[in-house]
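Structure record follows, encoded as structure tokens.
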2 protein chains.
Amino acid sequence: MRQPIAQGRTQKLDSKRHASAQEILDAAATAFSERGYAATSIDDVADVLGCTKGRIYHYFRTKGDLFIGIHLQALEWALEAVGPTAERADLGPEEKLREMVHRHAMHLMNRASYMGPAQYQIEMNLASEGRNKDEQMARILKMRRQFEAYYATVVEEGIAAGAFRGTDANILVKAVLGTINWMHVWFRPGGPQDSTVERERTAAELAEFAVRGVVA
Amino acid sequence: MRQPIAQGRTQKLDSKRHASAQEILDAAATAFSERGYAATSIDDVADVLGCTKGRIYHYFRTKGDLFIGIHLQALEWALEAVGPTAERADLGPEEKLREMVHRHAMHLMNRASYMGPAQYQIEMNLASEGRNKDEQMARILKMRRQFEAYYATVVEEGIAAGAFRGTDANILVKAVLGTINWMHVWFRPGGPQDSTVERERTAAELAEFAVRGVVA
DNA sequence: GTCTATAAATAGATAGAC
DNA sequence: GTCTATCTATTTATAGAC
């Protein structure tokens, strides 16, 4: 027998008469983050919402559209979280990287249900199957490249300025990203010790780790 | 139309008359590492082997058994790769951690097809569904805890000795593990720049990053 | 030991009632 | 806008031929 996803998470829709695309996307993110995209059925998503799949198909034509929608939203938020810091001219490489990692980590914790599925990059291939998804796939890849470019730029600036170790910018970037992105495996929102203060402490800790890993 | 997995990877079985469980596990690992467990069908695995699924079901009763077999093998190898170093008494915390990370990273690259699927911990819940899988699941979890304990111990030793920053051993361990485990997302065996020398360099780079992240 | 054929269940997607 | 009913394809697993 399969464990239900919904458990107490069914949306209270009293205040609104109709579902919105955003509410459906939220439910899909919750379901995908628990089971993974491929193993989640549309009926599972409907269960989280407390409705039947007819409602979902009214807003999204395919299951892949749900996945793409979650990715786009997650990346949009991620770029908003990190981009402004990456583009600040008043910060040195070390302080800039520290704040980027801190904000990135906070984003991953605050939007865990969206960011979790967005880490399963293998499953993107599944979601992109079918007619004319290429355009949105290109958008996702472009945003992901932009996001990584923020990190690549600050690391390269740091190396050029002599502030960071000048070994291999590429691997340093992957190391920093791994430090943060791996959170989707071990961080559980609403866990026993989860709180705003604790999240800030975790983010600061990871930022310190990453900065020390790259400084000269 | 779906992309085939097999492409040129069909096993040459000329030297052996019959398939072995190990060969089937290899094929499953290849298939799972490319598509993920849930999205891979038994027919996909059979395609990689260049046979039909009758052969696979002769050796493995369920799809979940394949996944569990891959996990057990991956973790067994991982413990072999890191355990001996973790238990050496002649190394200080810094040098011990450096070598553990180096060996761990090498293992991840050398056994990428097995280690990739083993990172998708969410899918373990799927594979463990069905009758009496609990015992093997417990074995997997025990091995995973043992593996993490190796890192926890060296980090705690380092903190106690004053060699590592004494902030939060738990998060430091997760940060180190993330640095390495995230490789399954970006490292592609047989890629354009892949070579033994390059793998050693990558492992050394990640080890340096991780050690610097924790030293006082 | 490996294959073909098939049973049984599940899931993506659609049609049409309300 | 949401639901029920259903079509169709896929997939896990089994039975039995070779």
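Naming convention: chains lettered A, B, ... in sequence-line order (proteins, then strands); numbering from 1 in each chain. These numbers were taken from a predicted model, which means no experiment stands behind them.
- When ring centroids are compared, A/Y120 and A/F32 stay outside the 6.0 Å threshold.
- Both A/T52 and A/H58 sit near DNA chain D, but only A/H58 has its closest nucleotide nearer the 5' end.
- Atom CD in A/E23 sits about 13 Å away from atom C1' in D/dG1, given to the nearest Å.
- With sequence neighbours excluded, no residue forms a salt bridge (charged side-chain N to carboxylate O under 4.0 Å, His left out) with A/E76.
- Spacing between atom CD of B/E129 and atom C1' of C/dT10 amounts to 13 Å, rounded to whole angstrom units.
- The nearest whole Å value for the distance from the OH atom in B/Y59 to the P atom in D/dA13 is 18 Å.
- Look at CD1 on B/I56: it is 13 Å from C1' on D/dT11, rounded to the nearest Å.
- Outside the 6.0 Å centre-distance limit, the rings of B/Y114 and B/H71 are not counted as a close aromatic pair.
- Taking atom CD1 of B/I24 as the reference point, atom P of C/dT2 lies 7 Å away to the nearest angstrom.
- When the side-chain hydrogen bond (donor to acceptor under 3.5 Å, both in side chains) test is applied to A/Q146, no partner is found at least two apart in sequence or on another chain.
- Taking the ring centre of A/F67 as origin, the terminal cationic atom of A/K133 falls outside the region bounded by 6.0 Å and 45° from the ring axis.
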**Request:** Produce a footprint string for nucleotides 11-18 of chain C: one letter per nucleotide, 5' end first; B if the base is under 4.0 Å from any protein heavy atom, S if only the sugar-phosphate is, - if neither.
**Result:** SBBB----
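- The 12-atom threshold is exceeded at CZ of B/R201, counting heavy atoms of other residues, nucleotides or ligands nearer than 6.0 Å.
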